[in-house]
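Bear in mind the structure is a predicted one, so any value in this text is a computation, not a measurement. Chain A is the first sequence line, chain B the second, and so forth, proteins listed ahead of strands; every chain is numbered from 1.
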Amino acid sequence: MVEAVVFVLMAVGALGGAAIVVLARNPVYSALGLLGTLFSVAVLYVVQLAHTVAAVQVIVYAGAVMTLFLFVIMLIGVDRAEMIEESLPWQRRIVLTIGVLVVILAGTLTVSGFDWVPAATVTNPGVTSGTVEAIARPMFTGWVLAFEATALLLTISAAGSIALAHYRRRDG
Amino acid sequence: MVDPGWYMAVAAALFTIGAVGLLVRRNALVMFMCIELMLNAVNLTLVAAGRALNDINAQVAVFFILVVAAAEVVVGLAIIVSIFRHRETASVDELSELSG
């Protein structure tokens with residue numbers, strides 16, 4: 001019962017935030033809508049006992065990534081109005097058609113139940129609590145290669161962003 | 001408990017909103033935020049499936065996706081800033097040198 005109430009509230013929060021991201025004219029409002037979505041998804045993780053992932057979501061996404069987004073928005077400036085006229089006139093109509101079709105598809109699947117997805121029907125009620133210990137054990141045994149690759153990826157991306165920030169045009 | 005299918009339905013809706021926004025908006029920053037929306041939808045699906053199948057590996061995968069997304073944001077925003085420094089615009093419509 002508690003889970004159902006939290007689920008409905010946070011689903012509305014996540015989808016509302018996502019709608020704000022797409023519809024807001026001002027990028028700052030888009031960023032705040034994304035923040036709401038990220039927090040709502042983090043609460044949905046907690047309800048599903050994925051505590052560590054929820055904490056990482058709040059710290060990394062809502063903390064670091066959103067701060068970075070807001071910094072760049074401030075750097076670029078928010079007073080520029082987005083171009084209204086469309087250079088690809090057919091694109092918006094096609095996108096709306098596809099969106100409506102996907103919504104109809106998802107609605108049909110929801111009404112008909114989720115029997116076609118093995119994981120969507122509860123076979124084995126989840127008792128696995130996503131504590132740090134429970135996640136760390138597979139991460140440092142079966143996934144250890146991926147973990148090391150992650151370290152390499154983070155180093156490369158940090159070096160790459162610094163190189164991009166220091167780049168100057170030779171003739172300028 | 002809430003059926004995991006409902007979590008997947010919410011994730012599907014999130015993914016659709018993100019994809020539509022990516023195709024409709026022209027501001028590079030907002031397009032980037034829409035990509036983050038889609039990544040979050042996938043993470044939500046993974047956590048729901050992992051809980052239904054009682055498998056902790058799904059959450060490990062979500063952890064790695066978060067790390068890769070953070071690295072992607074760092075590099076992507078650096079590219080947007082360096083484009084803006086040369087062009088004074090963040091609209092993708094005005095970056096058309098490579099079009100034929």
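Pairs of residues two or more places apart, or lying in two chains, that qualify as salt bridge (charged side-chain N to carboxylate O under 4.0 Å, His left out) and include a residue from residues 135-146 of chain A are A:E133-A:R137.
Side-chain atoms of A:M10 and A:V47, non-hydrogen and from C-beta on, never get closer than 4.5 Å to each other. Counting heavy atoms from C-beta on, the side chains of A:V43 and A:L9 never come closer than 4.5 Å. A:L34 has its side chain within reach of B:L37: a pair of non-hydrogen atoms, C-beta onward, lies under 4.5 Å apart.
Residue B:I65 does not touch chain A at all, counting heavy-atom pairs closer than 4.5 Å. With a threshold of 4.5 angstrom between heavy atoms, B:F15 does not approach chain A through any atom at all. Contact of A:A136 with chain B is not made at all, since no heavy-atom distance falls under 4.5 Å. Residue contact with chain A, scored on non-hydrogen atoms closer than 4.5 Å, is absent for B:A19. At a 4.5 Å heavy-atom cutoff, the contact between A:T37 and chain B is made by side-chain atoms alone. Of the atoms belonging to A:L23, it is backbone heavy atoms, and not side-chain ones, that fall under 4.5 Å from chain B. For a residue to count as touching a neighbouring chain, one of its non-hydrogen atoms must lie under 4.5 Å from one of that chain's; by this rule B:V62 touches chain A with the side chain only. No part of B:L22 comes within reach of chain A, as not one of its non-hydrogen atoms sits under 4.5 angstrom from that chain. For A:F71, no part lies near chain B; criterion is any non-hydrogen pair under 4.5 Å. For a residue to count as touching a neighbouring chain, one of its non-hydrogen atoms must lie under 4.5 Å from one of that chain's; by this rule A:F7 touches chain B with the side chain only. Residue A:V2: no heavy atom, backbone or side chain, is found under 4.5 Å from chain B. The part of A:V102 that comes within reach of chain B is its side chain, from C-beta onward, which places non-hydrogen atoms under 4.5 angstrom from that chain. Contacts between A:L75 and chain B at a heavy-atom distance below 4.5 Å involve backbone atoms as well as side-chain atoms.
Contacts with chain A were tallied for B:V10, B:N57, B:T45; B:N57 has the most, counting heavy-atom pairs under 4.5 Å. Per-residue counts of heavy-atom pairs under 4.5 Å with chain A were compared for B:L44, B:V75, B:V73; the largest is that of B:L44. The residue among A:G142, A:A146, A:A14 with the most heavy atom pairs within less than 4.5 Å of chain B is A:A146. Here A:T150 is the residue among A:T150, A:L96, A:I98, A:I94 with the most heavy-atom pairs under 4.5 Å with chain B. Between chain A and the options B:N40, B:V67, B:V74, the largest number of non-hydrogen pairs under 4.5 Å is found for B:N40. Counting heavy-atom pairs closer than 4.5 Å to chain B, the top residue among A:V56, A:I162, A:T52 is A:V56. When B:V81, B:L66, B:I79 are compared by the number of non-hydrogen pairs under 4.5 Å with chain A, B:L66 comes out ahead.
In this structure, A:W143 has its ring center closer than 6.0 angstrom to the ring center of B:F64.
Using a distance-only test at 3.5 Å, with no hydrogens or angles considered, no donor-acceptor pair links the side chain of B:R25 to the main chain of B:C34. With hydrogens and angles disregarded, no donor-acceptor distance shorter than 3.5 Å links the side chain of B:R51 to the backbone of A:L49. Although no hydrogens or angles enter the test, the distance criterion places no donor-acceptor pair under 3.5 Å between the side chain of A:Q57 and the main chain of A:F39.
Grouped by direct or indirect side-chain proximity (heavy atoms under 4.5 Å, Ile/Leu/Val/Met/Phe/Trp/Tyr only), A:L152 sits with A:I156.
Hydrophobic clustering (ILVMFWY, side-chain heavy atoms < 4.5 Å, transitive): A:V46 and B:V47 are in distinct clusters. Under a hydrophobic clustering in which Ile, Leu, Val, Met, Phe, Trp and Tyr are joined whenever their side-chain heavy atoms come within less than 4.5 Å, directly or via other members, A:F140 and A:L154 fall into the same cluster.
In the model, A:Y61 has a side-chain atom that pairs as donor or acceptor with a side-chain atom of B:E36 under 3.5 Å.
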